[in-house]
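Start at 1 and go down the list; that is how both ligands and their atoms are numbered.
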Amino acid sequence: MSFKPADNIQDLQYFGEFGGVNPSISDSSTYTFLKAKTMFDTFEGNTDGCYLYSRHSTPSNLYLGEALAAMEGTESANVAGSGMGAITPTLLQLCGAGDHIVSSRTIYGGTYAFLKNFTPRMNIETSFVDITKLEVVEAAITKNTKVLYCESVSNPLLEVADIKGLAALAKKHNLTLVVDNTFSPLSISPAQLGADIVIHSLTKFINGSSDTMGGVVCGSADFVNSLKSVIDGASMLLGASMDSLRSSSILKNMRTLHIRMKQHSKNAAYLAEKFEDLGIKTVYPGLASHPSHDVFKSMMNEAYGFGGMLTIDAGSLDKANALMELMQEKNVGYLAVSLGFYKTLFSAPGTSTSSEIPQEEQAEMGLSEGLIRFSIGLDDDIERTFNMIKACMIEVGVLQTAMA
Ligand SMILES: *Cc1c(COP(=O)(O)O)cnc(C)c1O
């Protein structure tokens, strides 16, 4: 594939007010107008380049939005105060009472809880399906379906969505395909494969410093403007806006995303292979044993690899917990949720990030108790890291279980 997401970011050129190499930060919540009439027109949405109030937009947020739209190859983008602050307005903008969503059943716990427990209050119903089976997805579509929702690489099971196949289904049934691409920035470009809307939690790889929350919705200019409408825009009215100080700092971090993603992917691929060789049940889209390895390969921008996320099965919750505690003690990384940090982060999704999903459903989707999700860090010497993890596995008895 010839799409070059990192070049698109690199080619943007912004200068600060005084010729600075970084754009100036707009340190204001409100903006003056020379003429009262211009203020009126701006509220009506009729003046380009005029700022109104920072919940609507700010120069700093527009710079970051432009960089993210360039990365995904969409017309426009709107940043939000968190990933959920991007996801929830998008779905509420697209769906109203009586509408129906077909969603992957393996999605971020917060998104799952929103669709399962919250949107039914507004009479928006969701069918959760195995997104890797296109015939199952199609069978779930009803005359009320408006949205097809998935993650490119799912949290936490790392299932891979066939975005081209889903886009064809969306087109056939006149649905909007929304893809959360948080786990695979740069590696996968969903809009280039036919997705209508691409969402990220910027909190994760894109910012990469675990120092802020953030989110973005990338899509057509029409859709992005509809989200920001002062009359009925869900982003504008629900108010999960980002602060300019934050967007300027995320923009700066984004410039090294391509270097970081290559290193996350390289390290994760190394560890995944080594874990598998040890006989540990390992899930990583870069492994030939991954059921969707070929689907990922057919979609990827090769330079960035298969991403930094992998899971292993430690055999039981007790073993998973013991292993995570020991790995933290030995400074392999941190027992923490989230992803995309320079240090390796690990957690047991069944009792943390996916605990919103009832036990029976967890079992049905293959989310076992002993599952540990890793966000692999930027370690310079990954062989050393592997040896540290292996020693921890032996000490807590994970390795014997796997080999037995
Ligand atoms: C973290 C995450 C979200 C939510 O983002 P926040 O920034 O925490 O609101 C959504 N989707 C995925 C895949 C995530 O990992």
Mind listing the N or O contacts between ligand 1 and protein, cut-off under 3.5 Å?
{"from": "ligand 1", "atom 1": "5 (O)", "to": "Ser201", "atom 2": "OG", "distance (Å)": "3.1"}
{"from": "ligand 1", "atom 1": "7 (O)", "to": "Gly83", "atom 2": "N", "distance (Å)": "2.8"}
{"from": "ligand 1", "atom 1": "7 (O)", "to": "Ser201", "atom 2": "OG", "distance (Å)": "2.8"}
{"from": "ligand 1", "atom 1": "7 (O)", "to": "Thr203", "atom 2": "OG1", "distance (Å)": "2.6"}
{"from": "ligand 1", "atom 1": "9 (O)", "to": "Gly83", "atom 2": "N", "distance (Å)": "3.0"}
{"from": "ligand 1", "atom 1": "9 (O)", "to": "Met84", "atom 2": "N", "distance (Å)": "2.8"}
{"from": "ligand 1", "atom 1": "11 (N)", "to": "Asp180", "atom 2": "OD2", "distance (Å)": "2.6"}
{"from": "ligand 1", "atom 1": "15 (O)", "to": "Lys204", "atom 2": "NZ", "distance (Å)": "2.7"}

Inset, instruction - Flag the pair Lys297 and Glu302 as a salt bridge only when some basic side-chain nitrogen lies within less than 4.0 angstrom of an acidic carboxylate oxygen. - result: no
Legend entry - Pair Glu361 + Lys116, salt bridge at N-O below 4.0 Å: yes
Legend entry - Within the 6.0 Å centroid threshold, strictly below: Phe128 and Tyr112: yes
Legend entry - Check: Lys204 main-chain N/O paired with Asn207 side-chain donor or acceptor under 3.5 Å: no
Legend entry - Gap between atom CG of Leu148 and atom CD1 of Ile131 - 0.5 Å precision: 5.5 Å
Legend entry - Phe118: partners by ring-ring contact (aromatic ring centres under 6.0 Å, His included), with sequence neighbours left out: Phe114
